[in-house]
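So that the names make sense, note that chain A is the first sequence line, chain B the second, and so on, each numbered from 1.
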Number of protein chains: 2
Amino acid sequence: MGEILSAGSIEGVVRKDVPERVISRLPIYLQTVETIAATGQTTVSSEALASRSGVSPSILRKDLSQLGRPGRRGVGYACAELAATLRSFLGLDRAQSVAIIGAGRLGSALADYAGFRGRGLRLTAIFDVDEAKIGTTIGALTVSDLSELATWPDDIDLVVMAVPASAAPAAARIAADAGVRGILNFAPTVLETPDSVRVRQVDLASELQVLAYYSALDDNAGTPVEEHSN
Amino acid sequence: MGEILSAGSIEGVVRKDVPERVISRLPIYLQTVETIAATGQTTVSSEALASRSGVSPSILRKDLSQLGRPGRRGVGYACAELAATLRSFLGLDRAQSVAIIGAGRLGSALADYAGFRGRGLRLTAIFDVDEAKIGTTIGALTVSDLSELATWPDDIDLVVMAVPASAAPAAARIAADAGVRGILNFAPTVLETPDSVRVRQVDLASELQVLAYYSALDDNAGTPVEEHSN
DNA sequence: TAGTGTGAACTAGTTCACAGCA
DNA sequence: TGCTGTGAACTAGTTCACACTA
């Protein structure tokens, strides 16, 4: 993907096109700087912020310099201001509305998983197709029929897909038709969506299999494996 | 690229130095090729496999060529053979043993989330520190006290961390001390671990915030976004 | 003086295009 | 002939090093 040259260009809006790689690090910085601010610290250096975010200081400075509101040379970044800039840049000023599709165990767990409130996200609805689940309550929300998504009164910006792989493509189509802007997909399937819908994939088994690779690598470490020191 | 002397090929499996970027795509290929094989198809071209995996054909060919067991020119890849090679390469021949730390809603949901069995992973134990949860049953497993992890009879290769952010660092240390090889961390904290423990981060809020960025971008398409002149 | 902002150098990753083999 | 395997060209991402400024 990538290839953004269409939207907005008519107006002559020169959008600095920030790579997704960078965008995906910003939430971590936000999280970190909020944690630091909560301790009462008012400024933070790139070095401290970077190490607590798990990145290098230079990459952190490059990333933050891209969002226009700079730090102060010789001082560092003002925590509160930086957090506000990050929130605004990520589009979290108005809380994005999130719906969960799939009211099974995973969907229910995600529904009250910490981190919607206070992270610029507002959980708006939970959908399912299972008659037995529709009408039941999860946290403060009642499970609705997925067919209601299309005409849902509150605009839904983002969807968390927590359904089996077999049901995911159909549900994704419904979400896309309803004008949803992004899907966070927990089902182990590659979703095909129109360009207007961004998909991010989270696959438990894939992640574990990546870890399995390195685990197995170490198993064989008795025999001379690559691993060279420097 | 530092030339690596992977001469130690005493055990048949010689693993070159494959970038993590590549490793993290292999589970997707495995998933895809298994799906294709299940339809009865015996061979598959790089183009078909790539498009169903959401990558370009050239990158797929480069990736697969790195694992030594090639496809057949003019034909494609033999599904069954490719799947076996991928499984073996990822270290899934002997099912890796996985433990979940945290028997809350997320932990319980992940415990019976499809994809352990038949994906080369074996869920071995669930731990918690909460007296009220220890001894209760989740699926086929009984929740054990986290302190038992260190002396757990069955070796634990990988851990899924499903605890609050505040509890994660301590739990990670316990896991690292117990010789765990990898941690899949759902808590929104950067974990510091010794080099022997690989961490992969999955943060619901971060992922949604990335999607929020693109969602907000579209909202502002046409009106000047916060932008500074160069 | 301390610590950011940033061009330049470097490194990693992807795509291209075609040689080579079933 | 068809499709993989792969070097070469290209592109993206990271690190370095230091000018610059509060």
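Looking at the side chain of A/S58, the nearest of the listed nucleotides D/dC16, D/dT4, C/dT14 is D/dC16. The side chain of A/I59 has D/dT14 as its nearest neighbour among D/dT14, D/dC18, D/dT6. Here the side chain of A/Y77 is nearest to one of C/dG5, D/dT14, C/dT14, namely C/dG5. For A/S65, counting side-chain heavy atoms from C-beta on, the closest listed nucleotide (C/dT15, D/dT4, C/dT6) is C/dT6.
The nearest whole Å value for the distance from the CZ atom in B/R25 to the C1' atom in C/dT15 is 12 Å. The nearest whole Å value for the distance from the CD atom in B/E47 to the P atom in C/dA17 is 16 Å. Rounded to an integer number of Å, the gap from B/I23 CD1 to C/dA12 C1' is 15 Å. Protein atom CD of B/Q66 is 15 Å distant from nucleotide atom C1' of D/dT4, rounded to whole Å. At whole-Å resolution of the value, CG in B/L64 and P in C/dT14 are 14 Å apart. Atoms CZ (B/R61) and P (C/dC21) sit 16 Å apart, rounded to a whole Å. In this structure, A/L60 atom CG and D/dC16 atom P are separated by 15 Å, rounded to whole Å. Spacing between atom CD of A/E20 and atom P of D/dT11 amounts to 20 Å, rounded to whole angstrom units.
The existence of a salt bridge linking B/E47 and B/R61 is excluded, since no basic side-chain nitrogen approaches an acidic carboxylate oxygen closer than 4.0 Å. With respect to the salt-bridge test (charged N to carboxylate O, under 4.0 angstrom), the residues A/D63 and A/R25 qualify.
Phosphate proximity of C/dT4 to A/S46: present, with a side-chain N or O under 4.0 Å from OP1 or OP2.
In the displayed structure, B/R94 atom CZ is contacted under 6.0 Å by more than 12 heavy atoms of other residues, nucleotides or ligands. Within 6.0 Å of the CD atom in B/E192, the count of heavy atoms belonging to other residues, nucleotides or ligands does not exceed 12.
Across all strands shown, A/P57 has no heavy atoms under 4.0 Å from either base or sugar-phosphate atoms. Note on B/R72: only backbone sugar-phosphate atoms sit closer than 4.0 angstrom, heavy atoms only; bases stay farther off.
Using a 3.5 Å distance cut-off with no hydrogens or angles, the side chains of B/S206 and A/Q31 do not pair a donor with an acceptor.
Place A/G76 and B/R21 on DNA chain C by their nearest nucleotides, and A/G76 ends up nearer the 5' end.
Residue A/K62 places no side-chain atom within donor-acceptor reach of the base of C/dT6, judged by atom type and a 3.5 Å distance cut-off alone. Put simply, the side chain of B/R73 and the base of D/dG5 share no donor and acceptor less than 3.5 Å apart.
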